[in-house]
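Okay, structure first, notes after.
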Protein chains: 2
Amino acid sequence: MPVTIRDVARAAGVSITTVSRAFNGYDDVGPDTRKRILKVAKELNYRPSHVARSLVLQQTQNIGLLISDFNANRGAHHFLFDVMVGVHDRLASMGYDVTLVSTTTARQRLISYIDFCTERRLEGVIVMGMRLDDPYMQEVAEAKLPSVGIDLPILSRYCGYVMTDNVNGAKLGMQHLLGKGYRRIGFVNGTQKAAVSVDRLRGYQLALEAAGLGTDPDLIVHSNFLVEGGEAATEMLLSRVPDLTAIFYASDLMAIGGMRYLHRVGKRIPEDVAVMGYDNVDVGEWSTPALTTVSQRRYEMGLYAADMLIGMLQHDEEPGGRLLPSELVIRQST
Amino acid sequence: MPVTIRDVARAAGVSITTVSRAFNGYDDVGPDTRKRILKVAKELNYRPSHVARSLVLQQTQNIGLLISDFNANRGAHHFLFDVMVGVHDRLASMGYDVTLVSTTTARQRLISYIDFCTERRLEGVIVMGMRLDDPYMQEVAEAKLPSVGIDLPILSRYCGYVMTDNVNGAKLGMQHLLGKGYRRIGFVNGTQKAAVSVDRLRGYQLALEAAGLGTDPDLIVHSNFLVEGGEAATEMLLSRVPDLTAIFYASDLMAIGGMRYLHRVGKRIPEDVAVMGYDNVDVGEWSTPALTTVSQRRYEMGLYAADMLIGMLQHDEEPGGRLLPSELVIRQST
DNA sequence: TTGACAATCCAAAACGTTTTCGGTAATTTA
DNA sequence: TAAATTACCGAAAACGTTTTGGATTGTCAA
């Protein structure tokens with residue numbers, strides 16, 4: 001149905017070779033024939049088939065954006081969307097297509113996600129939202145498919161990653177809190193299965209050490225990055241340590257949840273207890289009080305992940321681990 | 001580099017025809033040879049090339065998810081993400097791949113987005129986030145490429161849409177406000193260029209009419225769906241109509257912004273002025289006071305859009321306009 | 001005038017599948 | 001026993017490109 005190179009060759013009275021050459025800017029085609037070919041092609045509305053070209057060139061210019069449990073991770077949009085935009089922006093501008101891949105799809109079809117990618121001849125893949133205990137993590141680590149993980153620190157010949165420098169980020173947040181004079185600081189962490197959680201915990205501990213304070217296990221509780229989780233965690237924390245004066249949350253959403261609980265029990269923020277988040281999502285700006293937080297450059301994470309992948313694909317660069325710095329965003333909750 | 005059907009055929013001592021048939025479940029291949037082929041294929045780690053198959057079958061099983069100005073529409077994630085998940089969910093489960101397309105990409109390459117799609121032989125496309133004045137709108141309306149718009153009410157032989165029943169949704173919201181006794185109700189609408197805005201305005205007016213009230217143009221102001229816009233619009237509205245008792249916002253984000261302004265100027269919500277939003281995004285639950293709103297079933301919108309497209313592709317169904325009902329979500333801001 | 005050389009062009013193979021049209025051997029039917 | 005049917009398999013064409021290795025002119029220098 002669609003018009004092929006053969007159609008324009010016939011219409012222009014040349015061979016398909018010449019049409020192909022004219023289209024790809026080769027120099028051994030006469031200026032008049034080239035013009036004629038281009039004119040005919042435009043008239044016929046010819047569009048070269050990307051799939052035919054992919055087949056003969058043995059490269060699809062197509063890279064996968066793998067999102068772990070895309071459909072189950074609602075609420076993750078506060079973080080994932082910007083990253084996606086960054087990834088797509090850079091990839092698209094470099095001429096790559098990006099196809100959405102969810103681990104759920106692979107699971108449904110009972111094939112490994114690597115198989116899914118090789119069937120489609122994806123040239124590489126960017127992985128987001130994956131937990132350390134995800135059964136597919138092993139796969140991305142061992143696969144020969146060039147890939148870069150976001151917040152997934154695995155490094156191999158074919159796999160790099162980009163993530164925020166979470167230990168320094170957490171340290172930054174804690175230093176701010178400590179500088180304000182807070183001493184009994186609770187820490188509501190995310191899932192232990194998330195790579196970022198172990199780093200943020202470490203940053204929390206390092207900052208306390210540096211301040212000459214020990215870490216009280218009672219002050220630490222793990223949750224799920226979401227509002228409800230933060231709310232529940234805060235309740236537990238406060239019942240365990242009634243005299244705490246500040247809480248550091250490993251995500252803004254949990255901080256929002258925490259503030260909700262604190263409001264409910266009549267605690268003033270930050271007078272009674274100070275609240276600090278992590279991520280710098282838009283919601284934090286809108287809360288009352290506005291949330292002090294540690295920023296993550298989500299869009300740039302996507303950009304750099306794409307850059308790294310492109311580097312591997314086009315210039316055979318070694319994958320690495322890239323850490324992005326984070327900044328303090330001071331608002332009213334501390 | 002990757003192993004082909006020819007490799008499998010040679011290793012199994014059969015022709016490629018037989019391998020193909022064995023893989024596609026035809027019945028004219030002996031049970032023992034089939035088993036042997038499958039075994040050999042597994043050993044060799046053979047994965048049929050989707051692109052070769054696409055070429056010969058003349059169908060890619062690939063559909064585009066076109067997001068208008070993907071990178072410029074940050075902040076739209078509150079709405080778009082869920083829709084994307086819905087679209088991908090349904091499409092993936094039906095065996096379709098989905099590739100991300102942004103109008104920015106097309107603009108960069110100076111080609112129409114339709115050309116972009118036909119080059120890749122996308123079988124259809126789902127369009128989101130597009131304004132009525134978008135230069136690409138004409139294209140999707142006239143193209144022969146099967147497409148369905150989300151919140152983009154254009155109907156043609158090849159183009160359907162799904163959106164919320166915004167006029168009834170807005171009516172619902174207004175009825176709630178009117179039922180509570182509010183009479184001077186401001187309306188902060190979204191961009192006039194968005195299809196949903198004209199419907200919501202209409203719902204606002206119809207509800208007023210039904211209540212025997214006229215519409216005061218001073219009570220209506222257009223903004224941009226975002227928090228800052230809502231904030232500014234509220235200021236303007238309040239300066240123009242100091243005696244208003246309630247404000248209906250065409251998006252939750254604008255309502256958040258409005259509440260922020262109202263707080264700042266010392267107005268109590270809902271005692272001094274009641275606030276109602278639209279969309280039912282998660283942020284509305286977390287605001288203080290929690291936001292009364294009209295829900296949109298974003299995930300389902302994606303699902304149904306995918307359904308409609310699949311119907312067109314597989315069963316040659318006529319595209320239509322599907323309206324989803326919306327519900328009132330009553331919380332504390334009214 | 002002839003050889004070399006540039007400027008244009010084309011035929012055919014290749015990419016990895018699916019499918020049509022047979023072909024052979026074994027089995028059944030008459 | 002001959003004919004017809006069935007079960008299984010293969011050769012080759014096709015899908016729409018790119019690219020290799022010439023082929024055919026025309027031009028220019030010797």
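The chains referred to below are lettered A, B, ... by the order of the sequence lines, with proteins before strands, and numbering in each begins at 1.
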Task: D:dT18 phosphate, OP1 or OP2, under 4.0 Å from A:Arg53 side-chain N/O - done: yes
Open item on the list: Nearest whole Å is fine: how far is C:dC10 P from A:Ile16 CD1?
Closed with: 11 Å
Open item on the list: If you assign each of B:Thr17 and B:Val56 to its closest nucleotide in DNA chain D, which residue comes earlier from the 5' end?
Closed with: B:Thr17
- [ ] Before accepting this row, confirm whether a basic side-chain N of the pair B:Asp134/B:Arg131 lies closer than 4.0 Å to the acidic partner's carboxylate O.
- [x] no
TODO: Report the distance from atom CZ of B:Arg298 to atom CD1 of B:Ile150, rounding to the nearest 0.5 Å.
DONE: 12.0 Å
Task: Polar side-chain contact B:Ser15-D:dA11 base: donor and acceptor under 3.5 Å - done: no
Open item on the list: Regarding D:dG10, can its base be found pairing with the side chain of B:Arg21 as donor and acceptor, where the two atoms are less than 3.5 Å apart?
Closed with: yes
Open item on the list: So, OP1 or OP2 of D:dG10: does either fall under 4.0 Å of a side-chain N or O from B:Thr18?
Closed with: yes
- [ ] Taking only the side-chain heavy atoms of B:Tyr46 (C-beta and beyond), determine which of C:dT17, C:dC9, D:dT18 contains the nearest atom.
- [x] C:dT17
TODO: Map B:Val14 and A:Ile5 onto DNA chain D by nearest heavy atom, then report which one ends up closer to the 5' terminus.
DONE: B:Val14
Task: Distance, rounded to the nearest Å, where A:Gln59 contributes CD and D:dT17 contributes C1' - done: 13 Å
Task: B:Thr33 side chain, from C-beta outward: closest of C:dA11, C:dG16, D:dC9 - done: D:dC9
Open item on the list: Of the options C:dC15, D:dT18, C:dT17, whose atoms approach the side-chain atoms of B:Pro48 most closely?
Closed with: C:dT17
- [ ] Check the distance between D:dG22's C1' and A:Asp28's CG and give it to me in whole angstrom.
- [x] 13 Å
Open item on the list: Side chain of B:Ala52 only, heavy atoms from C-beta on: which candidate in C:dG16, D:dG10, C:dC10 is closest?
Closed with: C:dG16
- [ ] Please determine if a side-chain N or O atom of B:Tyr26 lies less than 4.0 Å away from the OP1 or OP2 oxygen of D:dC8.
- [x] no
Task: Rounded distance (Å) that lies between atom C1' of C:dG16 and atom CD of B:Gln58 - done: 14 Å
